[in-house]
Chemist: 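This is the structure, below, for whatever I ask next.
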Amino acid sequence: MATVLEQSTAKLTDEQVTSLASNIRGATIEPNDDQYETARHVYNGMIDRRPRAIVRAADATDVITAVNFAREQGIYPSIRGGGHNVVGFATNDDGLVIDLAAMKNVFIDVKNKTARVMGGATWGDFDHAAHPFGLAAPGGIISTTGVSGLTMGGGVGYLTRQYGLSSDNVISANVVTADGKAVTASENENPDLFWAIRGGGGNFGVVTSWEFKLHPVGMVYGGPIFFPVDKGPEILAFFRDYIESAPPEMSGFFGYHIAPPAPFVPEHLHGVAACALVMCYTGPVEKGEEAMQAVRAAGPVALDLCGPIPFPALNSMFDALLPAGLQHYWKADFDREISDEAIAVHNEYGPQVPNFLSLMHIYPVNGAVQDKGNGDTAYSYRDAKFVHNIVGIDTDLANMPARTAWVRNYWEALHPFSAGGNYVNFLMDEGQDRIKASFRDNYPRLAEVKRTWDPDNLFRQNQNIKP
Ligand SMILES: Cc1cc2nc3c(=O)[nH]c(=O)nc-3n(C[C@H](O)[C@H](O)[C@H](O)COP(=O)(O)OP(=O)(O)OC[C@H]3O[C@@H](n4cnc5c(N)ncnc54)[C@H](O)[C@@H]3O)c2cc1C
């Protein structure tokens with residue numbers, strides 16, 4: 001199978017690592033250290049790699065030191081933000097990881113409604129810091145995901161229809177480039193780099209901090225509404241049509257799930273397949289019930305968990321169901337439309353969702369995302385209205401062949417109805433052709449920016465753009 005993972009052949013010696021460690025203000029974690037077992041793992045439990053050294057940077061200077069070291073020793077470092085990427089780019093065998101987990105502070109400027117977010121912060125850190133001021137930015141729906149990786153691929157969440165992608169809300173970023181320089185990327189400074197890091201992934205340097213635009217979002221009206229699985233076609237057709245012209249403050253996603261044996265789920269639904277609309281309304285919370293009426297009327301409601309909720313609580317509602325360390329296999333595509341034929345495919349495979357961890361989600365990427373054009377930032381599918389993700393998850397590796405088979409069969413049946421490329425943050429190890437299809441018409445310009453900022457492809461532990 002084609003692999004996008006490219007390890008360096010150079011091997012680090014003990015002397016080299018000792019010398020690196022003596023120049024690092026944070027921690028340099030090595031295989032004999034107590035923290036090593038935790039530090040070497042990423043979110044996807046299928047990834048089992050053993051780096052030679054993990055530099056847990058204290059600041060941008062540590063990042064510069066580690067980048068210079070990697071370049072001088074001829075190794076390709078892994079950069080770790082939240083460690084959520086399912087391919088496991090954030091760890092490697094025998095090499096160097098530059099881990100930003102200790103750089104997670106978030107500073108809120110209430111007057112100007114902006115946030116300065118360090119490169120290792122998660123969306124939970126972001127929401128925690130911004131919420132007391134009644135502010136937020138579009139981020140992911142699981143709070144343990146890294147701000148950096150998610151933003152560099154685009155960034156889709158509950159606020160996306162209203163305020164655009166996470167990357168559309170970036171004002172500037174501080175970046176350590178392959179030659180070890182610290183530069184700022186914004187509309188006015190290094191605009192080519194600024195264009196590329198908003199959708200082009202981690203190809204261009206290490207982002208040590210971001211400056212984000214914030215929006216007034218505090219209490220919202222949201223949560224999941226479950227419907228019987230046999231109503232899937234009606235509910236999905238409703239969602240497709242409704243979300244096309246719903247007000248910007250209304251968003252959500254469609255999903256197939258098996259109801260978990262959780263205390264908030266009535267016992268008669270435990271283990272039962274269902275379809276769901278997981279909604280978020282950011283208008284005045286007292287108007288939420290009225291605003292949600294159309295959604296509740298879409299079919300016979302099996303379980304309604306939608307109501308007033310603080311935005312950070314909605315954005316972390318599913319964290320406990322999806323802890324780090326589970327086995328994950330994903331396949332996804334953008335969709336320009338969801339045709340009735342595509343709905344028939346969903347109705348064939350969605351109800352077969354094999355266990356309560358696995359899922360299929362369809363996220364809307366219309367609304368404010370489509371205020372920009374495909375070439376305005378590196379995010380390349382602004383003409384797509386949806387992105388679907390079919391996700392096989394299990395606690396047990398032995399079950400993964402069956403989970404993977406469900407994902408692959410579902411994806412293959414649906415792919416002909418898709419826009420042809422994938423959202424880079426949902427790509428697995430799918431080879432160069434899929435990377436090119438996902439960056440699409442922006443690929444040549446991304447390669448040009450890569451030639452400018454990383455001509456030797458130091459940063460290649462990612463969905464790699466060849467210089
Ligand atoms: C449970 C779960 C939920 C998710 N939900 C959403 C969602 O709601 N919306 C969405 O859009 N996506 C979502 N994703 C996908 C997510 O956007 C990607 O997995 C993303 O790559 C994660 O970023 P990270 O920083 O956590 O991961 P990492 O694995 O640390 O990094 C991902 C990539 O970015 C690079 N990188 C990370 N930090 C930096 C940095 N500071 N500078 C330079 N490069 C860096 C890494 O080298 C790697 O190539 C989800 C993923 C998971 C596992």
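Heavy-atom basis, side chains included; hydrogens, waters and symmetry copies ignored. All ligand and atom numbering here is 1-based and tracks the order in the structure.
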Chemist: Check each heavy atom of Tyr43 against ligand 1 and say whether those closer than 4.0 Å belong to the side chain, the backbone, both or neither.
Modeler: side chain

Chemist: Answer yes or no for Gly83: is there a heavy-atom contact with ligand 1 below 4.0 Å?
Modeler: yes

Chemist: At a 4.0 Å cut-off, with the gap strictly under it, does some heavy atom of Phe318 reach an atom of ligand 1?
Modeler: no

Chemist: Give the contacting part of Tyr423 toward ligand 1: side chain, backbone, both or neither, where contact means a heavy-atom distance below 4.0 Å.
Modeler: side chain

Chemist: Are Arg336 and Phe334 in a cation-pi contact, defined as NZ or CZ under 6.0 Å from the six-membered ring centre and within 45° of the axis?
Modeler: no

Chemist: For the residue pair Phe204 and Val175, establish whether any side-chain heavy-atom pair is separated by less than 4.5 Å.
Modeler: no

Chemist: Evaluate the ring planes of His257 and Phe226, with Trp represented by its six-membered ring, and classify them as parallel (under 30°), tilted (30 to 60°) or perpendicular (over 60°).
Modeler: perpendicular

Chemist: Provide the number and element of each atom of ligand 1 under 4.0 Å from a heavy atom of Arg80.
Modeler: 30 (O)

Chemist: Would you check whether Phe204 reaches within less than 4.0 Å of ligand 1, judged by its heavy atoms?
Modeler: no

Chemist: Please work out, at 4.0 Å between heavy atoms, whether the side chain, the backbone, both, or neither of Ile142 comes within that distance of ligand 1.
Modeler: side chain

Chemist: Taking only heavy atoms of Gly205, which atoms of ligand 1 are found under 4.0 Å from at least one of them?
Modeler: 42 (N), 43 (C)

Chemist: Quick one about Ser78 and Asn92 (side-chain donor to acceptor, distance below 3.5 Å, no hydrogens or angles considered), yes or no?
Modeler: yes

Chemist: Write out all pairs satisfying salt bridge (charged side-chain N to carboxylate O under 4.0 Å, His left out) with one or both partners inside residues 181-192, taking only residues at least two apart or from two chains.
Modeler: Asp179-Lys181

